[in-house]
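No hydrogens, no waters, no symmetry mates; every other heavy atom, side chains included, goes into these values.
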Amino acid sequence: LVIDPSGSAELRYLAAVIATRATGSPLDPSGGYDATALGMATYNLTADEPVLGEPWRALVQVTARMPRIGYAYLEVIEAAGVLTAVNGPFFATTLPAATGETKYPPLAYCDGAGIEQYHTGLLIWEGSHYLRIATPTSGTAPGVAGDRSIDATNLYVCPATDTWMFVALTAVP
């Protein structure tokens, strides 16, 4: 499949053009492709027309899919309460186990068809834990004991791996 910057496109077998699309998006191969004479003669011969086959049209559809299933995450390393490195993003089917020095904050999860974003915004380092600006998507969202998050109405705390609790914020009297 070759798409021209103008949006026209060709279906090819090796160097031979077997079907073409006159217009379309130069970034999207979707659409109807009409057989060329070579395409008809090569791929749709009939008994009554042994040289030139019947016209045919191919429909190209694109289905968005991710190639893998798992987590996109960062690696955050600290020593004696001081942030020493942030690496990533990495991708794995399961999050690596956090240690006293290394944490793995998840950014998103892909189930193979769609992406659930866990974190948006800044990661603010606080001693040996980070504070997320975005909130966990559920009570079982990925997290490490001690992780915290805050939004306009709640403070979220992760007391154990992948377990979140929250407290509603109220005005100071």
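Remark: the backbone N or O of Glu10 is not paired with any side-chain donor or acceptor of Thr20 at under 3.5 angstrom. Side-chain N or O atoms of Thr42 include one that pairs as donor or acceptor with a backbone N or O of Leu38 at under 3.5 Å. One N or O on the side chain of Thr163 and one on the backbone of Thr161 form a donor-acceptor pair closer than 3.5 Å. Listed for the Asp4 side chain is no donor-acceptor partner under 3.5 Å among the backbone atoms of Gly7.
You'll find the side chain of Tyr109 stays beyond 4.5 Å of the side chain of Thr137, heavy atoms only. A 4.5 Å side-chain heavy-atom check between Pro29 and Val62 finds at least one atom pair inside the cut-off. Put simply, the side chain of Asp111 does not reach to within 4.5 Å of the side chain of Glu116, judged on heavy atoms. Using a 4.5 Å heavy-atom cutoff, the side chains of Thr23 and Ser8 are not in contact. Side-chain atoms of Tyr33 and Leu1, non-hydrogen and from C-beta on, do get closer than 4.5 Å to each other. A heavy-atom distance below 4.5 Å is not found between the side chains of Thr153 and Leu169. Contact annotation: the side chain of Val86 never approaches that of Glu75 to less than 4.5 Å [non-hydrogen atoms, C-beta and beyond].
Note that CZ of Phe91 is 5.5 Å distant from SG of Cys110, once rounded to the nearest 0.5 Å. Note that CZ of Phe166 and OG of Ser149 are 12.5 Å apart. Values are rounded to the nearest 0.5 Å. Between atom OG1 of residue Thr36 and atom CG of residue Leu11 there is a gap of 9.5 Å, rounded to the nearest 0.5 Å. Between Lys103 atom NZ and Tyr73 atom OH the span is 15.0 Å, to the nearest 0.5 Å. If you take OH on Tyr104 and CG on Asn87, they are separated by 9.0 Å, rounding to the nearest 0.5 Å. To the nearest 0.5 Å, atom CE of residue Met40 and atom CD1 of residue Ile18 are 12.0 Å apart.
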Output, in order, the C-alpha distance, side-chain angles, deciding distance and verdict of side-chain contact (heavy atoms from CB on, under 4.5 Å) for Arg148 and Tyr156.
CA-CA 6 Å; Arg148 296 173 301 269; Tyr156 301 82; over 6 Å; no

With side-chain contact (heavy atoms from CB on, under 4.5 Å) as the criterion, how do Val167 and Val157 come out once you've worked through the C-alpha distance, each side chain's angles and the decisive distance to 0.1 Å?
CA-CA 8 Å; Val167 174; Val157 177; over 6 Å; no

Between Arg21 and Ile3, does the side-chain contact (heavy atoms from CB on, under 4.5 Å) criterion hold? Intermediate values first, please.
CA-CA 9 Å; Arg21 174 185 79 177; Ile3 304 176; 3.9 Å; yes

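Closest approach of Ala160 to Cys158, counting heavy atoms only: O-SG, 3.0 Å. Across all their heavy atoms, Trp164 and Ala141 have their closest contact at NE1-O, 3.1 Å. Among all heavy-atom pairs drawn from Leu59 and Gly32, the shortest one is CD1-N, 4.1 Å. The shortest non-hydrogen separation linking Asp151 to Asn154 is OD1-N, 2.8 Å.
Grouping the Ile, Leu, Val, Met, Phe, Trp and Tyr side chains by contacts below 4.5 angstrom, directly or via other members, places Val60 with Tyr13. Hydrophobic clustering (side-chain heavy atoms under 4.5 Å, transitive across Ile, Leu, Val, Met, Phe, Trp, Tyr) keeps Val17 apart from Trp56. Under the 4.5 Å side-chain heavy-atom criterion for ILVMFWY residues, a single connected hydrophobic cluster contains both Phe90 and Ile69.
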